[in-house]
Amino acid sequence: LGLNTFSFIEFMRKKRILLLATILLLIGGLMYYMGVFARVRIMEKEMGPYVLVYKEINGDNKLTKKTIEEITNELQKEGITPYRGYSYYYDDPKTPEKETNLSNEAGCILKQDDSGKLDTTKFKIKEFPKQHCVVSNFRYKIGLSVMLGKMKVYPALESYIKEKGYKTNPVMEQYGPKSITYIIPVK
């Protein structure tokens, strides 16, 4: 009885270790897949022009995704397929008094060919002109990528802008099928 009990306990201990190792490997693999370990690359380049169809949002930034989906659906009803979704953040979310009253806009970027098809009485439209910007990309795999990208890319952009002596400006996030592009116009 004593030998069999010892063998069973040893077997269960090995099984737990194997299970724990498997879970850790899966978590590590998922984190790698989502870009958690990827190096943030920052570049300066000309971006734009973009035709933007948008709605203004005052309050929680969590409304961004829903707003982009609404505008995408409205545009598709008009026979227009948006190029990308985007959000433009005007306030620093780290400012405590702004946490519940953040100001941003969200919507879609159109292909230049589609801009003439729009009913301008139905949509808010503006142009993001061609301009010099600080740009970075982050993998877009699942919804969690948006949060991970902000946690990883924003501090790097902030350091870069400070190092270069640029004025802090609003941040545009463009949501593509494979990546999120962070764009900060600089002068």
Practice item. Look at Arg13 together with Glu10 and state whether they make a salt bridge at an N to O cut-off of under 4.0 Å. Key: yes
Point to revise | Side chain proximity check, Val171 to Tyr154, heavy atoms < 4.5 angstrom | key: yes
Review point. Sub-3.5 Å donor-acceptor pair from the side chain of Ser136 to the main-chain atoms of Arg41, do we have one?
Key: yes
Exercise for review: Using a 4.5 Å cut-off on heavy atoms from C-beta on, say whether the side chain of Lys55 contacts that of Glu105.
Suggested key: no
Practice item. Determine the interplanar angle of the Tyr166 and Tyr160 rings, folded into 0 to 90°, and report it as parallel if under 30°, tilted if 30 to 60°, perpendicular if over 60°. Key: tilted
Exercise for review: Consider only side-chain N and O atoms of Ser87 and Tyr175, and report whether a donor and an acceptor are under 3.5 Å apart.
Suggested key: yes
Review point. Does a side chain donor of either Lys150 or Tyr89 reach within less than 3.5 Å of an acceptor in the other side chain?
Key: yes
Check your understanding: What's the verdict on salt bridge (Lys or Arg N to Asp or Glu O under 4.0 Å) for Lys122 and Glu78, showing C-alpha distance, side-chain angles and the deciding distance?
Key -> CA-CA 11 Å; Lys122 204 172 180 185; Glu78 300 286 322; 2.6 Å; yes
Point to revise | Any donor-acceptor pair under 3.5 Å from Arg139 side chain to Tyr32 backbone | key: yes
Practice item. Looking only at non-hydrogen atoms, find the nearest pair between Ala156 and Ile42 and report the distance. Key: O-CD1, 3.3 Å
Check your understanding: Within the side chain of Asn169, is there an N or O that forms a donor-acceptor pair under 3.5 Å with the backbone of Ile184?
Key -> no
Exercise for review: Output yes when Lys117 and Asp114 qualify as a salt bridge under the 4.0 Å nitrogen-oxygen rule, no when they do not.
Suggested key: yes
Review point. Can you get from Tyr83 to Tyr86 by hopping between Ile, Leu, Val, Met, Phe, Trp and Tyr side chains that sit under 4.5 Å apart?
Key: yes
